[in-house]
Amino acid sequence: MEEVILEFDKLTKKFPGVVALDEVSFDIFRGEVHALVGENGAGKSTLIKIVTGVYQKTSGEVFYQGKSINFRSPHDALQNGIAAIYQEFNLIPALTVAENIFMGHHFVRGKFVDWKKMEEEARKLLDFLEVDIDVNSRVRDLGVAKKQVIEIAKALSHNAKVLIMDEPTAALAQKEIKTLFRIIRFLKESGVTIIYISHRLEEVYEICDRVTVLRDGKFVATKPVKELKVEELIRMMVGREVGERFPRVSHTIGEEVLRVEGLTRPGVLENINISLHQREILGIAGMVGSGRTELLRAIYGVDPWEEGKIFIRGEEVKITSPPEAISLGIALLPEERKTQGLILLLSVLDNLGLPILPNIANAGFIDEDRLKQIGEEMVEAMNIKTPSLYQRVMYLSGGNQQKVVLGKWFARKCDIYLFDEPTRGIDVGAKVEIYQLMNRLVSEGAAIIMVSSELPEILAMSDRILVMREGKIAGEVNREEANQELILNLALGGKNHYARTP
Amino acid sequence: AQEQLTIGLSFPSLSFAWFAFLEEAVKEKATQIGGIEVISLEAEDNVAKQISIIEDMIIRGVDGVLLVPIEVEAVVPAVEALNKANIPVVTVDRRIKEDAPVEVLCHVGADNVEGGRRAAKFIVDELVEKYGEPKGTVIELTGTPGAGPAIDRSAGFNEIMEQYPDITIKAQTANFRRDDGMKVMEDFIMSTPQIDAVFGANDEMILGAIQAIEASGKLDVKEVITVGFDALPEALQLIEEETLDATIEQFPGRQASTAFEILVKYLREKVEPENKVILIEPAVITKDNLYEAEKSIQ
Amino acid sequence: MPEPLETKKEKVSLVERFFILWDRIGILLAFIVVCILFGILTPVFFNPLNILNVIRQVSIIGVIAVGMTFVILLGGIDLSVGSVVAFTGIIAAGFQVKWGGSLFLSIVIPLLIGGGIGFLNGFISTKGGLHPFIVTLGTMSIFRGATLLVAKGRPISGMSRSFRFIGAGMIGPIPFPVILFLGSVIIAAIILRRTVFGRYIYAIGGNEEAALLSGIRVDRYKISAFTILGFLSALSGLILTSRLNSGELVAGEGYELDVIASVVIGGTSMMGGEGGVYGTLIGALLIGVISNGLNLLGVQPYWQMIVRGSIIILAVLMDKMKRRFRTA
Amino acid sequence: MPEPLETKKEKVSLVERFFILWDRIGILLAFIVVCILFGILTPVFFNPLNILNVIRQVSIIGVIAVGMTFVILLGGIDLSVGSVVAFTGIIAAGFQVKWGGSLFLSIVIPLLIGGGIGFLNGFISTKGGLHPFIVTLGTMSIFRGATLLVAKGRPISGMSRSFRFIGAGMIGPIPFPVILFLGSVIIAAIILRRTVFGRYIYAIGGNEEAALLSGIRVDRYKISAFTILGFLSALSGLILTSRLNSGELVAGEGYELDVIASVVIGGTSMMGGEGGVYGTLIGALLIGVISNGLNLLGVQPYWQMIVRGSIIILAVLMDKMKRRFRTA
Ligand SMILES: Nc1ncnc2c1ncn2[C@@H]1O[C@H](COP(=O)(O)OP(=O)(O)OP(=O)(O)O)[C@@H](O)[C@H]1O
Ligand SMILES: Nc1ncnc2c1ncn2[C@@H]1O[C@H](COP(=O)(O)OP(=O)(O)OP(=O)(O)O)[C@@H](O)[C@H]1O
Ligand SMILES: [Mg+2]
Ligand SMILES: [Mg+2]
């Protein structure tokens with residue numbers, strides 16, 4: 001008989017206008033890896049935030065090691081051996097990696113912080129995670145993937161009995177995920193209980209023992225993973241049959257719309273050449289920190305670059321700011337939704353309308369009806385789960401927030417879309433819808449560059465794939481000849497891909 | 001029985017002791033006369049606020065107003081409003097602009113320009129005593145730039161000093177504050193090798209300056225001629241101790257109680273004052289005539 | 001803040017409208033309570049004359065607070081408003097009295113100068129990448145000095161009859177400054193809620209980086225907001241100069257605190273991105289009403305300060321409490 | 001701010017150390033330039049006596065600015081510091097002169113009261129969920145009134161010889177306030193850089209939510225920071241009262257601006273999370289030096305204001321420029 005470590009009994013959480021959790025009851029065994037899955041907005045993050053004391057439950061009970069608990073703050077949870085990696089980053093940008101990892105439980109010697117020990121321990125943890133990050137660099141200078149790794153290290157640093165991971169792999173590429181899984185297995189061996197939330201179902205099958213499915217805040221089922229087929233799991237999550245996971249339609253590539261020649265930003269990008277055509281989806285693959293994000297930002301005029309030329313429809317352009325890029329018909333979907341993609345305080349509608357307001361205004365006055373109509377269309381098309389168009393985006397679930405970021409640019413017609421990890425945190429069902437929207441954009445004549453760390457997505461959706469390594473284009477692969485090994489090989493370059501040229 | 005009266009008293013700021021004396025004198029007088037409620041409101045040295053206060057007094061329906069204007073001109077609209085509401089007003093200390101088209105029952109006050117002149121004359125005399133002729137370096141600590149009394153006192157002071165080309169005047173503002181007086185004086189001590197006299201446009205500033213002089217180790221307080229303004233008890237104390245040489249007394253208590261009597265008399269007995277303007281001569285208080293000061297330490 | 005009132009476009013009953021307003025303008029409840037209290041303590045408080053009186057008193061700070069709402073919504077701040085009041089006031093007085101200017105010049109030039117100073121504040125802080133606190137601290141000092149310099153250290157008085165209308169005139173029973181104040185509140189509310197400009201102010205204040213990546217020309221909007229504030233400060237300078245019939249040198253000293261307080265009490269977040277100008281209206285009125293009520297009651301000066309401070313804290317606490325009860 | 005100086009722990013040459021410092025304290029360059037300018041214009045400026053003079057003048061604002069650094073690092077603000085200076089000053093003077101208190105009481109009680117007011121500010125703003133701007137605006141008014149009330153409108157003067165040591169004493173050639181000021185800078189620097197408390201201040205200011213989720217008891221640290229600030233404001237009140245030999249009613253009026261300016265000019269971000277107390281030291285010195293230099297030069301008051309404002313803006317601009325050059 002397995003020992004129950006965490007038990008939920010009719011757990012209910014209500015937010016104004018939303019029942020996030022509706023009498024959810026299930027339990028978690030000591031030492032298992034327990035997957036928690038469900039559509040965006042199903043209530044997964046809410047559930048774990050109740051466990052760690054971020055939210056207070058509305059009713060029901062949570063038992064931990066047999067005792068009813070009701071933590072008032074994450075501090076209490078950590079004291080009791082429950083640590084979590086939250087869906088959104090919780091790092092202090094201006095502080096160093098080492099400090100962030102041990103935030104909340106600094107090493108001290110006497111009254112003073114023991115920097116040396118802290119750096120050492122941080123280095124050990126990062127070595128354990130097989131990443132090469134300078135523990136003295138500031139978190140704000142790191143890319144999303146590295147931040148995610150820091151979050152993992154941070155959670156590990158607590159030596160918790162229960163470790164909760166809310167989409168820890170959303171920003172990670174193959175290699176890091178492998179390491180993470182190795183660590184999860186190791187922790188499991190040493191008796192740690194892990195709650196694992198992910199939209200990548202392959203991972204659930206690879207690493208988890210049992211899976212609990214939530215739908216619309218209600219408990220659906222808990223099953224051992226082995227006894228459950230993927231199709232069945234998806235049906236339990238979505239409540240219906242999802243067709244093809246990657247619905248690709250072929251389209252005839254048109255003329256060149258964007259050409260990048262010799263783009264260089266010392267230390268980050270080196271001699272990048274790209275040619276993008278109408279009705280084409282160009283995938284960009286690469287390892288963490290290979291410079292993909294930097295490339296998109298350079299084209300969009302966010303970051304300055306030193307050498308090279310950019311041509312739009314054959315004409316050379318100098319783009320120095322996003323507004324200029326937009327006036328040339330370029331749109332960027334940034335990789336960090338919370339800090340770069342959304343105005344959290346504003347409503348869903350206002351966020352969706354942001355790029356299009358000038359187009360639907362008369363003499364500066366917004367056409368509210370038109371805006372509302374566009375908003376409704378987007379919510380419908382993207383299946384954004386929100387109580388109303390006027391809900392602040394800060395109250396949406398992570399995946400639904402991501403959909404708003406996407407919807408923002410789908411609402412505005414552009415010629416060239418730069419998508420940086422577009423489907424990060426989005427559930428299986430909704431992904432399909434997003435791919436379909438991308439197909440529609442392309443068929444209407446747009447061109448897309450899609451940066452993604454999810455290889456299946458890149459492989460299935462791209463017409464052509466560029467692979468980046470250390471700021472350079474390591475190779476180009478045609479759709480027909482592309483496969484996982486080939487791309488990984490190019491991305492890794494046969495040597496330690498983390499080694500950065502100083 | 002006497003008619004119960006409510007009298008409004010509006011003055012610039014209670015953070016300066018001079019006005020605190022004035023307020024106190026009014027209240028004393030009120031208890032002495034009896035049957036009078038005094039509503040005293042300060043305006044935090046803000047002209048717009050003073051106007052608001054008078055408007056509020058009108059709404060509340062006071063019988064008369066005793067007004068210490070923050071500024072000679074800016075308060076005119078408020079007096080206009082008082083006239084319109086038929087509420088008699090007596091101005092104290094500072095006079096509103098003379099040709100303003102408003103009715104003021106009476107003005108009781110001292111003349112800041114004259115006070116400045118007297119301070120200057122005192123310093124000149126002392127310099128002559130010291131050097132045999134009017135020469136030397138004099139520091140003038142002026143009040144808050146733009147404030148009425150600061151302008152007037154400095155004007156009177158410089159009017160006299162301009163007549164003596166051998167006297168060098170170095171002026172700097174210390175905002176009527178003691179801490180600024182000290183700070184500015186410290187800097188003067190650094191920059192000016194020889195300082196013969198210091199005039200502070202109020203006692204607070206000169207008291208601060210004296211602290212600076214005493215701490216400097218370079219100048220001797222007894223050597224430097226120091227003159228303040230307002231005759232605060234502390235200043236009088238220092239005159240007694242011969243640290244401070246003189247201060248200008250404008251008799252806030254006498255001004256206030258005179259004005260108050262006139263107002264009450266008018267309200268109760270409909271007696272108009274004989275003179276529309278009663279000026280109380282400012283006096284230079286030195287160790288010799290300390291007893292003349294209102295708050296003198298008996 | 002999203003505006004359920006306008007955007008929903010469904011028919012809402014008057015009662016509902018009131019509750020929506022109530023919710024949006026958090027401090028309203030506290031304001032009403034304070035008013036009722038004063039009304040009980042001193043009946044003259046609710047005299048229509050007194051009500052107009054208060055609004056007129058408030059209008060000088062209020063007009064600036066309307067502009068400050070824009071700047072704070074952007075996450076900025078402006079300390080120079082008081083100096084702008086004094087400087088533009090002196091310029092207006094100068095044109096009226098000394099430089100033989102027409103009514104037109106003595107109104108238009110100060111407004112242009114005010115807008116210009118605002119522009120300068122915005123320009124230096126955005127293009128120089130400096131926090132507006134520092135920049136406006138600098139211009140606050142600079143234009144206070146400039147005021148004294150232009151006026152040669154003396155107030156300038158004696159305005160023309162027509163100029164005096166701005167601050168002292170009446171349209172029917174309503175003082176003209178009240179019309180200017182309420183007018184600017186309404187115009188600002190419309191701008192903030194219905195125009196692209198307004199929406200972008202909220203967006204920039206909410207998340208500047210995201211706004212930039214969405215293609216909003218952040219710098220331009222920031223500079224515009226400061227310019228509006230400078231312009232409205234100059235308007236306030238005109239009202240004050242006209243009311244006082246004198247260009248005062250110490251005019252506007254310390255206004256920045258009252259102005260910012262009005263905005264923040266009114267519920268606009270110092271972090272930017274949240275709030276609105278109706279809140280500012282209530283915030284400014286609350287400050288005005290407290291001081292008016294205490295004056296009417298004849299509360300002694302020392303106690304006034306203590307009571308005023310306490311009411312302000314209690315009022316905003318009450319607002320918070322109310323919200324807590326609602327969501328509970 | 002992470003401290004490369006400490007953390008690297010490798011041997012660094014003196015020159016390197018200087019450059020690291022330079023980089024950390026951005027405004028240093030501007031400060032040096034201003035000093036050299038004044039030194040050229042008026043040789044007495046570099047007189048050691050004058051240098052001590054400036055630091056002593058600065059210490060009154062400076063001690064508060066050290067505390068304000070904590071609060072601003074947290075993303076907070078405190079407007080009540082000036083009133084705390086006045087209130088604690090009057091209490092100290094009261095114990096010295098009127099209530100026959102000992103030297104001990106007239107030092108300890110004001111410090112406790114100062115800390116208490118700080119605690120109150122922190123407590124109300126964190127537990128009530130109010131922005132500290134509003135809370136401290138309230139307490140600023142409350143304690144200004146309380147000062148006047150306690151003192152009955154009159155300054156209280158005539159301190160004992162021993163009490164006067166705090167503000168006017170010397171240890172060797174060094175004025176005692178200078179020791180208090182520089183001492184508090186060093187202690188604060190150590191706290192901020194080496195203790196858990198200090199690190200949590202940065203963490204909370206950098207990202208409050210993240211700090212909370214990392215298990216940091218945010219409220220506790222916030223309240224502590226305000227308490228420290230209140231305590232240091234009281235210390236400043238003691239220094240001022242002792243130096244002036246008088247508890248002043250207008251003491252500390254307007255200090256909040258100078259104090260915040262020192263912190264912000266010193267490079268601490270108004271958004272919180274970045275900066276440090278050495279920057280504050282330079283910021284406070286810069287403000288003090290400008291006013292001292294202009295006084296030494298005998299610049300007229302009007303022009304002083306204009307020049308002071310311009311130098312402040314130029315100095316921070318210069319700091320920005322330097323950074324730009326370096327990263328280019
Ligand atoms: N603070 C909040 N206020 C109001 N509603 C909230 C809040 N937090 C979450 N919700 C709502 O609760 C529901 C559940 O959200 P939750 O974040 O738990 O979803 P999730 O399962 O984690 O989804 P995702 O896969 O997108 O992360 C959603 O409808 C969301 O909009
Ligand atoms: N502001 C910065 N300062 C210094 N280094 C930076 C900065 N931004 C990014 N880098 C570094 O540049 C490299 C490229 O980062 P980028 O984010 O573009 O990578 P990526 O390929 O998009 O990978 P991912 O987003 O998955 O991390 C990384 O090593 C990153 O640490
Ligand atoms: Mg989630
Ligand atoms: Mg990336």
Side-chain angles (χ1 to χ4, degrees), chain C residues 75 77 79-80 83 124-125 128-153 249 253-254 256-258 260-261 264-265 269-271 283 300-317 319-321 323-324, chain D residues 75 77 79-80 83 124-125 127-153 253-254 256-258 260-261 264-265 269-271 283 300-317 319-321 323-324:
Chain C
I77 197 158
L79 302 176
S80 71
S83 295
I124 299 177
S125 57
L130 304 182
H131 196 285
F133 184 94
I134 287 292
V135 176
T136 57
L137 186 82
T139 50
M140 165 175 163
S141 180
I142 292 173
F143 287 100
R144 180 65 60 188
T147 305
L148 292 162
L149 206 66
V150 168
K152 304 206 177 63
L249 302 169
E253 252 176 2
E256 62 280 357
L257 275 191
D258 273 352
I260 299 171
V264 179
I265 292 174
S269 158
M270 295 275 282
M271 308 278 112
Q300 293 299 303
Y302 311 153
W303 283 107
Q304 277 216 15
M305 293 186 187
I306 296 175
V307 175
R308 194 192 309 148
S310 313
I311 295 183
I312 288 177
I313 294 179
L314 287 177
V316 279
L317 264 181
D319 173 24
K320 282 278 151 163
M321 294 300 179
R323 288 195 199 161
R324 193 164 303 168
Chain D
I77 198 158
L79 301 176
S80 72
S83 296
I124 299 177
S125 57
K127 301 296 176 189
L130 303 183
H131 196 284
F133 185 93
I134 286 293
V135 176
T136 57
L137 187 82
T139 48
M140 165 175 163
S141 180
I142 292 173
F143 288 99
R144 180 64 60 189
T147 305
L148 293 167
L149 205 65
V150 168
K152 305 204 177 64
E253 249 176 13
E256 64 281 356
L257 275 190
D258 274 352
I260 299 170
V264 179
I265 291 175
S269 157
M270 295 274 284
M271 307 281 112
Q300 292 302 304
Y302 313 158
W303 281 106
Q304 279 215 15
M305 295 184 188
I306 295 175
V307 175
R308 192 189 312 144
S310 312
I311 295 184
I312 289 177
I313 295 179
L314 287 177
V316 279
L317 263 180
D319 174 25
K320 282 276 152 162
M321 293 300 179
R323 288 196 198 159
R324 195 162 302 166

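Labels below follow one simple rule: chain letters A, B, ... track the order of the sequence lines, proteins then strands, and each chain is numbered from 1.
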*Could you tell me the separation between the CD1 atom of C:Ile142 and the CZ atom of D:Arg308, rounded to the nearest 0.5 Å?*
11.0 Å
_Return the CD1 to OG1 distance between C:Ile313 and D:Thr139, rounded to the nearest 0.5 Å._
5.5 Å
_What's the separation between atom NE2 in D:His131 and atom CE in C:Met270, rounded to the nearest 0.5 Å?_
4.5 Å
*With rounding to the nearest 0.5 Å, note down the distance linking CE in C:Met140 to CD1 in D:Ile312.*
10.0 Å
_Toward chain D, the part of C:Ile311 with a non-hydrogen atom under 4.5 Å_ = neither
*Is chain D contacted by the side chain of C:Gln300, its backbone, both, or neither, given a heavy-atom distance below 4.5 Å?*
neither
_Give me the atom names and distance for the closest heavy-atom approach of C:Gly309 to D:Ser141._
N-OG, 3.8 Å
*Starting at CG of D:Leu257, measure out to CZ of C:Phe133 and round the result to the nearest 0.5 Å.*
5.5 Å
*What's the spacing between D:Ile77 CD1 and C:Ile77 CD1 if we round to 0.5 Å?*
6.0 Å
*asked:* Heavy-atom cut-off 4.5 Å, strictly under: side chain, backbone, both or neither for D:Leu314 against chain C?
replied: neither
*C:Leu130 versus chain D, the contacting section by heavy-atom distance below 4.5 Å*: side chain
*Heavy-atom distances under 4.5 Å only: say whether C:Leu137 touches chain D with side chain, backbone, both or neither.*
side chain
